[in-house]
Amino acid sequence: MEELIKVRHEKLKRLREEKIEPYPHRYKITHKAREILEKYKKLKIGEKVKGSKVSLAGRIMSKRGHGKSGFAHIMDGSGKIQVYTKFDVVGEKKYDLYKKLDIGDFIGVEGRIFKTKTGEITVLVEDFTLLAKSLRPLPEKWHGLKDVEMRFRQRYIDLIMNPEVKEVFLKRSRITSLIREFLDKKGFLEIETPMMQPIPGGAAATPFITHHKALHRDLYLRIAPELYLKRLIVGGMERVYEINRNFRNEGISTKHNPEFTMLELYQAYSDYEDLMELTTELIAKIAKEVLGTLKIEYQGEKIDLKTPWKRLTLKSAIKKYTKLDIDKVKDIKKEAKKMGLSLEEVLTDTQVIDHIFKEFVEPKLIQPTFIIDYPRELSPLAKAKKNNPNLAERFELFIGTLELANAYSELNDPILQRERLKEQLALRWAGSEDAHMMDEDFLRALEYGMPPCAGLGIGIDRLVMLLTDSPSIRDVILFPHMRPEKVGK
RNA sequence: GCCCCCAUAGCUCAGUUGGAAGAGCACCUGACUCUUAAUCAGGGUGUCCCAGGUUCGAGCCCUGGUGGGGGUACCA
């Protein structure tokens, strides 16, 4: 390695001695590689195009020399294109420089288009300029970069070497811009709320703690934006959304990264039924635009996103997949143990039901399914069903076993909300660290009056996983969480 | 947190029973003016993840650690 880098540094030194700037400021391009390939695809073999002068720039990805001429592929943001440099076209001095170029260097190229004997559209180089000297060798051209650790730590190399990885992130970007377009058209306002919160709220999760020096106090990285977004509903912003990071101080898995991206939206004068419609419409539209179809495949399972999507109550879903009728069961804990679950004694019956669902139902939810009517106990910020105070008007959406969305009709009765947060407080005292905290300002806001309203959260990373057929959340996050690395010189 | 798996050249990998380091690409030197995994001739560039231990001898066996992956627990 040191040897390889030394050689490049020597080349750099020689360039400077020859007054060739290895890191110039700019280069004027007229075309992207892809544009050229598209524009001239009908050329005949051996045909040259008069007046086809182009300039483009990119990274050298391969070189094939032939004495007094040489082929190379350069890659720009749009793709790869072959360039052909000849001694008798560029002259002796430039050709010597060409021979010294390394794979990895950036160059700008001016030339004309032709098609080679073997049928590849190629730029015949009339002049070129070194745009940035590369001092480290890239991975091998054929096998690319496979080492997972290096792919994540040095994502830039992953992006250079693995086009399918780049494709995932292009899709991710497309997905978020489609979401914005969709919501903006429906009159939603994109807003931003605090990442650092004095009281973390809106979810049951352990927060990260940070410290503000000037204020001499700890702050929490948010676990959800929910309580702030609701304050905005109180403030008269009737449709708001935020696409941003949440931070949860919990386990890392193929479906969990400590920081992850969430779309959270609130819509006044609506309930969870309206949001089921909105969710369906949104996800189906994105799939159609990004993949061109509603029939997708995720990890070997064929999934049909054709609407309407199935709806199952939590209770009926458990009955369907486990044959367990939770209404008729006397001792739910006993049943759960019989099914093979190991449970701590402190669990309430409702928590046991939640466990059964996660263990036995979730892995079966391949086709899009709304699970509705969650126990009120698990949903302290949700409004109860009109005819059943023990159930919340809440849904979660599962596709390909991924939990993609969570939504409810928001509890806007300030008296009830206070009671529920008090219950949570009691749970905290009892040792449940991730129970909700009391947030007096949030309650005060509700006391001013919040219109009926429904809120939705969609895990953007998981949605991207689904639409790019990625098995791990790390595949869709550019820089997934890693332990710090010791980097030498 | 617990369990299992992985770590050898810049990259992708091989390395037998414990006998002292290998290939392809990349790189370096040279040849070659339509190649495309260019070709031809020559060159091995290494903290075998780290620290101990066993042994006459360790890439290989043992112990501990580091980093990564997967599972599980916790967790939307």
Shortest side-chain distance from A:Lys141, nucleotide among B:rA73, B:rU33, B:rA37 = B:rA37

Looking for any heavy atom pair under 4.0 Å, which part of the strands does A:Gly457 touch: base, sugar-phosphate only, or nothing?
-> nothing

Looking at every strand, decide which applies to A:Asp88 at a 4.0 Å heavy-atom threshold: base, sugar-phosphate, or nothing.
-> base

Listed nucleotide nearest any side-chain atom of A:Met482, set B:rC34, B:rG68, B:rU33 | B:rG68

When you compare B:rA21 with B:rG44, how far apart are their C1' atoms, in angstrom units rounded to a whole number?
-> 10 Å

Range-with-range stems for RNA chain B, at least three Watson-Crick or G-U pairs under 3.5 Å | B:1-7 with B:66-72, B:10-13 with B:22-25, B:27-31 with B:39-43, B:49-53 with B:61-65

Rounded to whole angstrom, note down the C1' distance from B:rA14 over to B:rA23.
-> 7 Å

Looking at A:Tyr408, is A:Lys383 sitting on its ring face, NZ or CZ under 6.0 Å from the six-membered ring centre and within 45 degrees of the normal?
-> no

Select one nucleotide: of B:rC34, B:rC28, B:rU12, the one nearest the side-chain heavy atoms of A:Leu145.
-> B:rU12

When you get a sec, tell me which of B:rU12, B:rC34, B:rA73 is the closest nucleotide to the side chain of A:Glu359?
-> B:rA73

Does A:Lys63 make a cation-pi contact with A:Tyr98, if we ask for NZ or CZ under 6.0 Å from the ring centre and within 45° of the axis?
-> yes

Using the C1' atom as the reference point in each nucleotide, state the distance between B:rU55 and B:rC62 in Å, no decimals.
-> 12 Å

Looking at A:Tyr228, does the NZ or CZ of A:Arg231 lie under 6.0 angstrom from its six-membered ring centre and within 45 degrees of the ring axis?
-> yes

Where the side chain of A:His66 is defined as all heavy atoms beyond and including C-beta, which of B:rC11, B:rC74, B:rU33 is the nearest nucleotide?
-> B:rU33

Could you check whether A:Lys358 gets within reach of a base, just the sugar-phosphate, or nothing at all, counting any heavy atom under 4.0 Å?
-> base

